[in-house]
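The next block holds one structure in the form of structure tokens; read it before the comments.
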Amino acid sequence: MATAPDPDEVLRSTRGKENFQRISRLLISGGTTLLREIFDLILPPSNLPTILKNPATEKPLKVAKLTKPQWDCLYPSPGVYGKSTDFDVTLLFKLLKTICNLIPPATGWDALPTGTDHSLAADLARIKYYRNSVFGHVNQNMEITDDQFLVLWQDISEILVRIAGQINPTKKPQWQVAIFNFLRNPLTAEDERNVEELLEWYRNDTEVKESIGELKATIEKVQDGMARLETSLKDVDGGIEDNTQLIQEKVGGLETTVRAEAQDIKDQLGEMHQSINRLSSSAGASQTTGG
């Protein structure tokens with residue numbers, strides 16, 4: 001029988017858990033700040049209400065599968081529109097993909113871009129990829145080994161510094177220093193919230209994918225049912241055509257038979273008339289002779 005895990009052991013702070021919290025800090029705190037600055041650069045706060053008010057914006061937002069809290073964040077009440085300062089990293093990521101006119105990387109939004117693609121869209125896709133990679137390295141205790149941590153920290157840092165440079169070249173060295181300090185600063189209660197937000201981001205995307213998968217499965221079932229119905233209708237139509245042809249053949253045969261029998265009756269009547277005429281002629285001749 002398996003031994004139950006020791007609660008103290010599960011909950012106590014470990015180097016692996018600290019590594020996980022620091023990676024979460026880098027992705028959430030760092031990523032949210034930079035994504036918000038990019039978003040404000042593309043859609044300045046003064047223009048955002050006009051963009052959100054435009055009916056053409058609604059269609060791509062629906063495709064993005066926003067949650068109700070995200071819709072409420074964008075549209076708090078009639079005639080009132082959200083501000084980017086209230087958007088979390090999940091919502092910012094969706095908005096950048098949908099209403100900011102960014103061209104997706106050649107590998108798409110959900111795969112790791114090629115090493116030579118350093119476009120903004122590619123680095124956004126990398127952030128999502130490394131978020132998934134973090135969960136790929138995490139066990140039930142949410143820990144990351146030192147070796148895994150060093151690789152993830154370096155890769156994610158390079159992405160964030162590159163995004164900062166696209167906002168403004170002067171931001172690049174500033175973020176290099178900030179990330180260096182990030183690595184050495186003590187962990188705080190905020191880092192626990194970063195972990196929760198990272199988990200929530202992952203869960204939301206997973207639920208959306210599952211919903212899309214279920215929708216596709218439903219559509220496929222409907223399409224399959226329609227195909228079977230169409231085949232059945234064709235079979236019915238074919239059966240009706242076959243029956244119609246059979247009936248037509250039988251009617252045609254019956255008409256031929258009736259015509260033949262009618263002709264026989266007509267011929268027999270003709271012969272009877274001829275016989276009657278002959279008999280009448282014979283009777284007339286006899287009377288003449290007798291007179």
Side-chain angles (χ1 to χ4, degrees), residues 23-54 56-57 60-61 63-67 69-71 73-75 81-134 152-182 194 197-198 200-202 204-205:
I23 289 292
S24 299
R25 169 194 283 184
L26 192 62
L27 280 168
I28 296 300
S29 293
T32 302
T33 300
L34 286 171
L35 263 60
R36 184 176 293 120
E37 290 188 31
I38 285 287
F39 182 78
D40 288 344
L41 190 65
I42 298 172
L43 297 178
S46 58
N47 294 345
L48 184 58
T50 302
I51 298 297
L52 294 177
K53 190 188 306 182
N54 188 342
T57 304
L61 288 179
V63 173
K65 302 289 183 182
L66 301 185
T67 63
Q70 288 171 340
W71 277 109
C73 193
L74 290 175
Y75 302 97
Y81 303 96
K83 298 176 290 185
S84 66
T85 50
D86 298 326
F87 302 163
D88 63 15
V89 67
T90 313
L91 181 54
L92 286 166
F93 193 86
K94 288 183 178 180
L95 295 176
L96 284 165
K97 289 197 306 179
T98 54
I99 64 173
C100 289
N101 297 319
L102 292 177
I103 299 173
T107 50
W109 290 112
D110 297 322
L112 182 64
T114 60
T116 57
D117 187 354
H118 291 165
S119 65
L120 174 61
D123 280 334
L124 292 177
R126 285 186 179 95
I127 288 178
K128 184 177 180 181
Y129 172 84
Y130 280 106
R131 178 211 65 183
N132 293 341
S133 182
V134 167
L152 288 168
W153 187 272
Q154 181 176 349
D155 290 346
I156 296 167
S157 297
E158 289 177 357
I159 295 166
L160 296 180
V161 167
R162 204 158 46 230
I163 291 174
Q166 296 207 42
I167 298 171
N168 190 314
T170 61
K171 283 185 173 290
K172 189 170 182 178
Q174 293 173 2
W175 271 87
Q176 286 173 326
V177 172
I179 289 172
F180 180 82
N181 292 333
F182 253 11
N194 286 334
E197 189 170 344
L198 188 64
E200 188 64 23
W201 182 14
Y202 183 78
N204 284 341
D205 271 9

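Only this structure's heavy atoms are used, side chains among them; waters, hydrogens and symmetry mates stay out. Fair warning: this is a prediction, and the values are worked out from it, not measured in the lab.
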Nearest-0.5 Å distance, [atom1] of residue [X] to [atom2] of residue [Y]:
{"X": "D155", "Y": "L160", "atom1": "CG", "atom2": "CG", "result": "11.0 Å"}
{"X": "D88", "Y": "R36", "atom1": "CG", "atom2": "CZ", "result": "8.5 Å"}
{"X": "I103", "Y": "L120", "atom1": "CD1", "atom2": "CG", "result": "11.5 Å"}
{"X": "F182", "Y": "S157", "atom1": "CZ", "atom2": "OG", "result": "10.0 Å"}
{"X": "T33", "Y": "I28", "atom1": "OG1", "atom2": "CD1", "result": "10.5 Å"}
{"X": "S119", "Y": "Q166", "atom1": "OG", "atom2": "CD", "result": "7.5 Å"}

Would you mind reporting whether [Y] and [X] have side-chain heavy atoms less than 4.5 Å apart?
{"X": "R126", "Y": "E158", "value": "no"}
{"X": "V89", "Y": "E197", "value": "yes"}
{"X": "W71", "Y": "L61", "value": "yes"}
{"X": "I42", "Y": "I38", "value": "yes"}
{"X": "F39", "Y": "L48", "value": "yes"}
{"X": "L95", "Y": "L74", "value": "yes"}

Check the surroundings of atom [atom1] in [X]: do more than 12 heavy atoms from other residues, nucleotides or ligands lie under 6.0 Å from it?
{"X": "N181", "atom1": "CG", "value": "yes"}
{"X": "F87", "atom1": "CZ", "value": "yes"}
{"X": "K172", "atom1": "NZ", "value": "no"}

Could you point out which residue of I127, V161, I179, L26 forms a side-chain contact (heavy atoms from CB on, under 4.5 Å) with I156?
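Testing each of I127, V161, I179, L26 against I156, the sole residue satisfying side-chain contact (heavy atoms from CB on, under 4.5 Å) is L26.
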With P113 as partner, the option from D123, L124, T107 fulfilling side-chain contact (heavy atoms from CB on, under 4.5 Å) is T107
Does anything in residues 92-121 pair up under ring pair (Phe, Tyr, Trp, His ring centres under 6.0 Å), and if so which pairs, sequence neighbours excluded?
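Every pair satisfying ring pair (Phe, Tyr, Trp, His ring centres under 6.0 Å) with a residue in residues 92-121: F93-W201.
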For [X] versus [Y], what's the shortest heavy-atom pair and its separation?
{"X": "L152", "Y": "S133", "result": "CD2-OG, 3.8 Å"}
{"X": "A125", "Y": "P105", "result": "CB-CG, 4.1 Å"}
{"X": "W175", "Y": "G30", "result": "CH2-O, 3.7 Å"}

Give a yes or no on whether the backbone of [Y] and the side-chain of [X] come within a donor-acceptor separation of less than 3.5 Å.
{"X": "R131", "Y": "L198", "result": "no"}
{"X": "T57", "Y": "I51", "result": "yes"}
{"X": "K94", "Y": "K65", "result": "yes"}

